[in-house]
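Heads up, the thing below is written out as structure tokens.
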Amino acid sequence: MNRFSYHRAGDVAEAAQMGAEADTRFLAGGTNLVDLMKANVERPTRLVDISRLPHNKIEELPEGGLRLGALVTNADTAYDARVEQRYPLLSSAILAGASPQLRNAATNGGNLNQRTRCYYFYDTATACNKREPGSGCGAINGVNRIHAILGTSEACIATHPSDMCVALAALEAEVRVEGPGGARVIPFADYHRLPGDEPSKDNTLQPGEIVTAIDLPADSFTENYTYLKLRDRLSYAFALVSVAVGLTMEGGKIAKARIALGGVAHKPWRVPAAEALLEGQAPSPELFGRVADALLQGAVGQGTNDFKIDLARRAIRRALRQAAAGTPQSQTDKHVA
Amino acid sequence: MNTHVNPPARIGEPLSRVDGRLKVTGHARYAAEHPVADLLYGWVVSSSIAKGRITAIHEDAARAVAGVVEIITHKNRPDLAKADSAYQEQVAPPGKPFRALYDDEVQYSLQPVALVVAQDLETARYAASLIKVDYEAAKHNTDFRIAQGERFMPRRKRAAYQPPKNRGDVDTAFAEAAHQIAGTYHLATHVHNPMEMHATTVVWEGDERITVYDKTQGSQNTQTYLANVFGFKKENIRVLNPFVGGAFGSGLRPQYQAYLATMAAKMLERSVRLVMTRPQMFSHVHRPEALQAVSLATDSQGHLTGMRTEATTATSRFENYMETVVNWGLMAYACPNAEADYTIAPVDSYTPGDMRAPGAATGMTLFEIAMDEMAYEANVDPLEFRLINYSEKDAMHDTPYTSKALKEAYAEGAAKFGWDSRSMAPRSMRDGSELVGWGVATGMWDAMFQKTSARARLSANGDLLLETAASDIGTGTYTILAQIASDTLGIPVEQISVKIGDSDLPMSPIEGGSWTAASAGAAVEATCQSLGKKLFEAAQKVKNSPLADAKIDDVRFDYGRLLSKTDPDKSVSYGEAMAAAGEVSIEAEETVSSGISGMISQMRKSRNTHSAVFAEVKVDEELGVVRVTRVVCAVAAGRIINPKTARSQILGGVVMGIGMGLHEETFVDHRLGRIMNHDLAEYHVPANADIHDIEVIFVDEPDPEVTPMGVKGVGEIGIVGTAAAVANAIFHATGKRLRDLPITIDKILE
């Protein structure tokens with residue numbers, strides 16, 4: 001860990017101004033950043049503590065949606081009665097991740113901005129274009145059990161590790177940010193990015209921009225939804241594959257469908273054309289199989305993660321079945337519904 | 001003497017841990033927690049290559065950091081012993097023990113290449129991040145499958161290694177067999193990863209004297225090692241390990257943090273603390289990767305007629321670490337024709353070492369998967385198959401056991417589990433959408449005994465102090481020693497202080513092999529009996545002593561008094577006895593060892609613990625998700641001193657066995673020769689959600705012969721066979737025979 005100065009921001013404008021400067025990082029829950037600093041992966045010279053900023057509430061939106069303050073903890077979000085009742089998909093996804101202790105400390109904004117768990121990213125003795133642009137990618141042809149099968153580049157095959165973000169993608173949330181250039185709103189699908197030839201950039205934030213809130217639309221999925229996460233042990237492991245599904249059912253047919261995949265790409269993976277296949281259709285195994293194929297079109301294994309393509313296909317079909325049947329996956333009972 | 005409020009504890013009672021309160025309140029201090037004035041902190045720089053030479057170490061930037069006291073490398077290290085023998089402590093396998101910072105050679109990835117010593121931890125860590133090391137890399141191999149080409153049997157064997165013994169005519173047995181199977185089984189490399197990282201605090205006492213708080217399973221072993229390597233007089237080194245936060249064998253050999261902290265303390269004549277990081281915990285001892293081929297043959301009724309097993313385990317390039325891997329099945333089952341072979345194969349890693357049931361956890365577990373295959377091939381229920389091939393004697397050495405209540409373990413375990421309602425066919429049991437599988441396996445481990453000394457001092461107020469250099473790695477040593485003394489001398493546990501984990505105390509071997517309960521326990525019992533004899537002699541000197549005409553066998557020791565067994569009204573309190581003898585305290589010290597008769601008996605009889613493990617899995621076949629919903633582990637381990645701490649040992653072993661079956665493995669990038677999942681986020685051990693009902697049964701197994709107290713030890717038997725029971729249950733559930741552990745989601749779906 002290198003030496004750094006610490007500054008507690010008084011307001012967003014001050015934080016944004018400081019954050020725009022080189023080698024500065026925002027500190028909120030610290031559950032990811034501090035670990036990365038200990039491993040010498042993040043080497044900021046200044047930390048700007050934003051944890052006292054006032055974005056620590058969950059509020060109703062006039063059009064019926066819900067605004068999740070960026071500094072509300074993951075635990076307070078998952079257990080908020082309004083989230084539980086109106087956005088159970090989000091509650092479920094948050095509770096599928098990390099541990100109670102981590103969820104008590106980690107914030108919503110931090111969850112969006114957490115970094116990949118790629119082994120090579122974490123080990124400074126190895127090559128990683130995300131950590132050190134131009135150094136190469138150790139994971140390609142290396143150990144890549146937890147790596148991406150979709151949207152990879154020759155520079156990076158890392159995944160985004162969040163569970164919460166997979167649900168937010170399916171819910172089509174919006175990310176509110178403020179920066180030196182003012183405030184703006186980013187549709188969730190545009191918040192994270194694919195690695196391309198700039199894998200060091202996880203998202204589309206501009207220098208100094210801070211996530212202040214996540215807006216959930218009024219339209220949610222309260223009956224036909226699921227968050228299904230498959231991993232190498234039954235709790236406290238990152239997803240090999242996860243699937244968030246929200247369906248609106250009308251008269252036995254699917255009126256609206258949103259599906260996002262976790263653990264398979266550099267961002268939560270959505271394919272609108274695959275979702276469109278479901279709309280107006282009655283649920284069927286054959287249909288779900290076609291949707292899985294459409295979601296996984298172009299999937300490529302990297303060697304030790306080849307199995308994830310088949311695993312993802314199975315998980316998608318199962319999650320669609322769970323959602324259509326209104327039997328969402330429990331995050332406490334590990335029996336798969 | 002006061003009337004005691006609490007009764008003495010009895011051997012066999014489920015006494016709660018006597019050190020439990022200290023632990024949960026944080027008063028139990030571990031190696032890195034002892035407060036020391038003017039302490040310096042070390043931080044290790046680890047190599048990025050697996051093999052080669054260090055050509056340059058750029059340390060100017062690190063030296064420029066305020067607060068850095070010294071940077072130690074092979075270039076400026078102090079003088080060290082030259083002979084390998086100086087580095088070979090009690091458990092070192094044959095070879096050339098690793099010497100950190102000795103020269104420019106790199107022998108494995110994450111090897112220490114520099115030690116930064118600074119005024120505080122943060123400065124040391126920061127300065128370490130500024131050090132750049134240049135290497136000249138050499139060709140390495142960390143791929144165990146490639147290393148098969150270099151398999152060999154070393155001429156010099158490790159002392160603990162037991163060679164297999166062949167019998168009969170195996171070729172003919174296979175030629176004439178009614179049924180046979182053959183399979184090759186694989187076990188991934190495991191890393192011990194106790195909760196407490198390896199840590200050492202060296203207190204520089206001046207005048208070439210040091211006090212060392214070390215995470216070790218043997219304070220006296222570390223003491224000897226440090227004396228030999230650094231040229232200290234042995235009496236000038238005191239090593240303490242009063243509390244050890246788990247070890248599983250990782251603390252048997254002194255690890256490099258003890259060596260480096262001592263090196264820095266000697267060089268700087270200052271007190272130094274060094275703690276490994278979690279990734280560095282993957283840079284030393286580990287359970288070796290293993291490949292084991294097993295062929296079995298039966299007659300038409302399912303009686304084993306032939307067995308052949310060959311195993312290879314990994315070792316390092318510089319030491320020949322060996323385990324007893326292939327013997328277990330040959331010992332366990334009646335089979336007229338059997339042969340086994342064992343070799344090791346070197347890879348460019350640190351030397352593997354003993355990890356919970358070394359050899360048996362690998363060899364017995366893999367063999368027990370083959371046994372399940374054979375049972376199915378012969379169409380015999382897997383439990384019945386083990387019973388019809390049951391051997392009352394050690395079938396390999398052709399010697400009787402001091403005791404073997406495995407049949408009882410099978411019966412009690414099967415009854416508790418409900419085995420008789422199992423249907424034989426794979427895929428024949430379901431629970432809703434899940435396939436259900438029931439598997440069984442046998443476990444075996446050694447019942448060992450080691451020479452151990454103890455000392456006891458009884459004060460006139462009735463307080464008893466017990467001392468031995470034994471260690472408690474979380475197993476409950478404090479508790480059982482207090483319990484044995486309490487029962488022997490009739491003193492309540494509250495009045496007994498147990499002092500262990502200190503090289504100044506009476507001799508005790510490293511805490512390993514599940515022998516501590518039997519060995520330190522017997523030493524404490526003998527010492528307390530000896531002390532009791534002195535008390536009795538003193539009691540007879542009391543004026544008009546009611547015990548004047550009694551013999552020692554006529555009295556019992558209870559509630560702080562010597563009482564006549566026939567007339568409890570005739571009694572003398574310990575205080576009265578001591579007053580009569582004019583003593584303020586009475587002391588005794590005894591050493592127990594197996595002696596000549598014990599050694600002869602060891603040759604004539606085999607000494608083992610056994611277990612029957614039953615596992616239930618539920619498998620979601622579409623997704624490859626396996627849940628281990630029930631385990632019953634029935635253990636035959638002689639006399640159980642404390643069923644509560646003993647149960648905890650079995651529970652821990654079973655959990656570790658489930659991890660062996662489903663989770664634990666290192667992922668090595670063979671291009672780099674480096675373990676990549678070197679943290680507990682990605683090196684998976686079971687989480688709470690992976691563990692459901694575990695039932696532990698101790699079957700009655702009186703055995704006055706195995707060790708002085710009839711104790712066999714329970715620290716390791718819980719892991720042996722468990723992973724096989726899980727793998728066999730997965731076969732029963734799915735019809736898939738998986739021979740490569742751990743069985744992860746991708747293997748279920750393959």
Side-chain angles (χ1 to χ4, degrees), chain A residues 1-4 35 37-40 43 98-99 102 117-127 138-139 141-146 161 228-238 240-241 243 304-308 310-315 317-319 321 329 331-337, chain B residues 46-49 65 109-110 121-123 125-126 128-130 133 277-279 431-434 618 620-629 659 662-663 665-672 674-682 684-692 742 744-747 749-750:
Chain A
M1 183 185 276
N2 66 324
R3 292 184 166 175
F4 57 88
D35 275 0
M37 288 170 67
K38 287 181 187 169
N40 272 320
R43 300 171 65 98
S99 66
L102 285 166
R117 307 301 298 203
C118 170
Y119 320 114
Y120 298 87
F121 177 69
Y122 261 82
D123 187 338
T124 56
T126 66
N141 299 321
V143 179
N144 48 43
R145 183 173 179 83
I146 56 172
L228 177 62
K229 179 179 182 180
L230 301 177
R231 44 188 150 177
D232 272 329
R233 62 184 162 195
L234 295 176
S235 181
Y236 200 52
F238 294 93
L240 291 167
V241 171
V243 189
T304 43
N305 75 348
D306 292 349
F307 72 95
K308 284 172 74 167
D310 181 44
L311 186 66
R313 182 172 286 114
R314 290 160 181 265
R317 291 194 306 236
R318 186 64 160 272
R321 246 160 58 208
Q329 180 58 44
Q331 299 306 341
T332 48
D333 180 359
K334 302 299 175 177
H335 166 260
V336 185
Chain B
S46 306
S47 82
S48 58
I49 66 161
V65 175
S109 184
L110 281 171
L121 178 77
E122 291 76 12
T123 301
R125 178 167 63 185
Y126 170 56
S129 75
L130 301 177
V133 182
T277 62
R278 183 58 72 183
D431 178 12
S433 60
E434 290 175 305
K618 295 190 176 174
D620 188 295
E621 196 177 26
E622 183 185 23
L623 300 175
V625 174
V626 176
R627 301 187 300 135
V628 180
T629 44
L662 300 180
H663 308 115
E665 68 181 309
T666 57
F667 299 138
V668 178
D669 185 327
H670 294 304
R671 302 168 307 173
L672 306 174
R674 191 172 179 89
I675 294 172
M676 294 312 303
N677 57 335
H678 48 48
D679 59 44
L680 292 182
E682 298 300 336
H684 294 136
V685 297
N688 280 336
D690 296 293
I691 303 302
H692 293 265
T744 45
I745 201 163
D746 46 317
K747 294 173 190 166
L749 293 182
E750 240 168 39

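Residue numbering restarts at 1 for every chain, and letters A, B, ... go by the order of the sequence lines.
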Check whether [X] gets within reach of chain B through its side chain, its backbone, both or neither, counting any heavy atom under 4.5 Å.
| X | value |
| --- | --- |
| A/D333 | side chain |
| A/Y119 | both |
| A/F238 | side chain |
| A/N2 | both |
| A/N141 | both |
| A/T126 | side chain |

Chain A contact via [X] - which portion, at a heavy-atom distance below 4.5 Å:
| X | value |
| --- | --- |
| B/L121 | neither |
| B/T123 | both |
| B/L672 | side chain |
| B/I49 | neither |
| B/H670 | neither |

Keeping the roles fixed (side chain from B/N677, backbone from B/F667), state whether a donor-acceptor pair exists under 3.5 Å.
-> yes

Sequence neighbours excluded, the answer for side chain to side chain donor-acceptor pair (under 3.5 Å) partners of A/R231 is none

With A/R145, which of A/T304, A/D232, A/N305 fulfils side-chain hydrogen bond (donor to acceptor under 3.5 Å, both in side chains)?
-> A/D232

